Amino acid sequence: MQEKIDKKLLTLAKKAFNRDEIPVSAVIVKNNKIISCAFNKRQKSHDVTGHAEILAIRKAAKKLKDWRLNGCDLYVTLKPCSMCCEIIKQSRINKVYFYSEKLSTKKEYNKTEFIKVQTNVSQELVDFMQKTFKNKR
C-alpha cells in the first residue's frame, strides 16, 4: 500500500508542477484504501485555500458524507502549513505523514494584524456568541 501511496503522490506533485503550481500533493487513506487525493490548485483557482490537503479533505468529506474524517490518515509531500494544520485537526484526521519539510529559505509575506474589537455593542455580541456555543456543545 505504501508504494501505491508514494507513486500517487509523485504523479500528483508532477501534475501540479506542470501546471505552474507548488508541487504539493495529498492522499487520504481509510481502512487501507485511498479515498481521496489532490494537488495544489491555488494559482489556477485564485483561491488561497486551494492547498492539496484542503482539497483532499473536501473530497474525502464529500465521499464519506461527513466532515469528521475519523479513522483516516493523510499523506502529504510537504509538511502542512499552519492553515492546513488547523483544518486537518478540525477534520479529525488520525495521523499525518509528510515527506519533506518546508525550505528554511522561504520568505514569509504575512503582515496581517489581528485586533480585538471593543465597542458599545461588542459585549452584547460576545455574550451572544458565548451563549450560543455553550448551548450548541
Side-chain angles (χ1 to χ4, degrees):
M1 183 61 171
Q2 188 62 53
E3 189 175 328
K4 184 177 181 179
I5 293 167
D6 293 351
K7 286 181 179 180
K8 187 69 164 174
L9 286 168
L10 181 59
T11 299
L12 292 169
K14 287 179 178 180
K15 275 187 183 181
F17 180 79
N18 290 335
R19 294 182 176 147
D20 205 24
E21 296 281 353
I22 302 298
V24 176
S25 56
V27 169
I28 296 179
V29 175
K30 184 169 186 169
N31 298 327
N32 215 27
K33 182 181 176 190
I34 294 175
I35 62 166
S36 74
C37 55
F39 58 87
N40 272 12
K41 293 183 179 175
R42 192 163 79 162
Q43 299 299 327
K44 183 177 181 182
S45 66
H46 310 290
D47 180 1
V48 71
T49 66
H51 291 208
E53 301 93 323
I54 295 171
L55 298 173
I57 287 169
R58 286 178 182 156
K59 288 179 182 180
K62 188 173 184 178
K63 184 171 187 171
L64 297 176
K65 295 179 174 62
D66 194 349
W67 60 268
R68 296 171 200 89
L69 301 181
N70 295 317
C72 293
D73 293 330
L74 171 67
Y75 294 80
V76 61
T77 54
L78 187 67
K79 185 176 181 181
C81 70
S82 59
M83 174 181 67
C84 289
C85 284
E86 288 306 313
I87 291 169
I88 290 163
K89 289 180 205 175
Q90 289 292 318
S91 70
R92 302 184 182 163
I93 285 174
N94 286 0
K95 294 179 184 169
V96 177
Y97 300 93
F98 64 92
Y99 293 70
S100 180
E101 298 269 356
K102 179 177 85 169
L103 293 176
S104 60
T105 58
K106 185 177 186 296
K107 285 185 180 178
E108 294 293 335
Y109 294 100
N110 190 338
K111 304 276 191 243
T112 304
E113 185 177 357
F114 292 84
I115 302 165
K116 184 176 180 184
V117 176
Q118 295 183 1
T119 65
N120 292 337
V121 182
S122 65
Q123 190 56 51
E124 183 181 348
L125 178 58
V126 169
D127 292 345
F128 171 77
M129 295 300 292
Q130 289 176 346
K131 180 181 174 186
T132 302
F133 279 101
K134 187 176 181 182
N135 292 337
K136 268 286 207 201
R137 297 173 192 216

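Note that this is a predicted model, so its numbers are computed, not measured.
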- Message: One pair to check against side-chain contact (heavy atoms from CB on, under 4.5 Å): Ile57 and Ile93. What are the steps and the verdict?
- Response: CA-CA 9 Å; Ile57 287 169; Ile93 285 174; 3.9 Å; yes
- Candidate pair His51 and Met83, rule side-chain contact (heavy atoms from CB on, under 4.5 Å), full reasoning: CA-CA 9 Å; His51 291 208; Met83 174 181 67; 3.6 Å; yes
- Task: Kindly determine whether Asp20 and Gln43 satisfy side-chain contact (heavy atoms from CB on, under 4.5 Å), including the steps that lead there.
- Result: CA-CA 8 Å; Asp20 205 24; Gln43 299 299 327; over 6 Å; no
- Task: Would you check, one step at a time, whether the test side-chain contact (heavy atoms from CB on, under 4.5 Å) holds for Lys30 with Leu69?
- Result: CA-CA 9 Å; Lys30 184 169 186 169; Leu69 301 181; over 6 Å; no
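When hydrophobic clusters are built by joining Ile, Leu, Val, Met, Phe, Trp and Tyr residues whose side-chain heavy atoms come closer than 4.5 Å, directly or via intermediates, Val96 is not grouped with Val27. By the rule that hydrophobic residues join a cluster once side-chain heavy atoms approach within less than 4.5 Å of another member, Leu78 and Leu55 end up as members of separate clusters. In the hydrophobic clustering of this structure, Met1 groups with Leu9; members are Ile, Leu, Val, Met, Phe, Trp, Tyr whose side-chain heavy atoms approach within less than 4.5 Å, directly or through other members. By the criterion of side-chain heavy atoms lying less than 4.5 angstrom apart, applied directly or through intervening Ile, Leu, Val, Met, Phe, Trp or Tyr residues, Ile87 is grouped together with Val24 in one hydrophobic cluster. Each of Phe17 and Phe39 belongs to its own hydrophobic cluster when Ile, Leu, Val, Met, Phe, Trp and Tyr are linked at side-chain heavy-atom distances under 4.5 angstrom.
Under the side chain to side chain contact (heavy atoms under 4.5 Å, CB included) rule, Arg42 has a single partner from Thr49, Val48, Asp47, Ile22, which is Val48.
Nearest heavy-atom pair, Ala61 versus Trp67, reported as atom, atom and distance to 0.1 Å: CB-CA, 4.0 Å.
A donor-acceptor contact shorter than 3.5 Å is absent between the side chain of Glu53 and the backbone of Ala26. The main-chain N or O of Pro23 is never found under 3.5 Å from a side-chain atom of Asn40 such that the two would form a donor-acceptor pair. Asp66 places a side-chain N or O within 3.5 Å of a backbone atom of Arg68 that can act as its donor or acceptor partner. Of the possible donor and acceptor atoms, none in the side chain of Glu101 sits under 3.5 Å from a partner among the backbone N and O of Lys79. Side-chain atoms of Asp73 do not come within 3.5 Å of backbone N or O of Val29 as any donor-acceptor pair.
From Phe98, atom CZ reaches atom OG1 of Thr77 across 11.5 Å, with rounding to the nearest 0.5 Å. Rounding to the nearest 0.5 angstrom, the gap separating the OG atom in Ser91 from the CD1 atom in Ile54 is 10.0 Å.
In this structure, Tyr99 and Tyr75 have tilted ring planes: the angle between them lies in the 30° to 60° band.
Annotation: Gln2, atom CD; neighbour count of heavy atoms from other residues, nucleotides and ligands within 6.0 Å is above 12. More than 12 heavy atoms of other shown residues, nucleotides or ligands fall within 6.0 angstrom of atom CG in Asn18. Annotation: Ile35, atom CD1; neighbour count of heavy atoms from other residues, nucleotides and ligands within 6.0 Å is above 12.
Here Ser36 pairs with Ile28, Ala56, Lys59, Ala60 under the side chain to side chain contact (heavy atoms under 4.5 Å, CB included) rule; sequence neighbours left out.
Put simply, the side chain of Cys72 reaches to within 4.5 Å of the side chain of Leu64, judged on heavy atoms.
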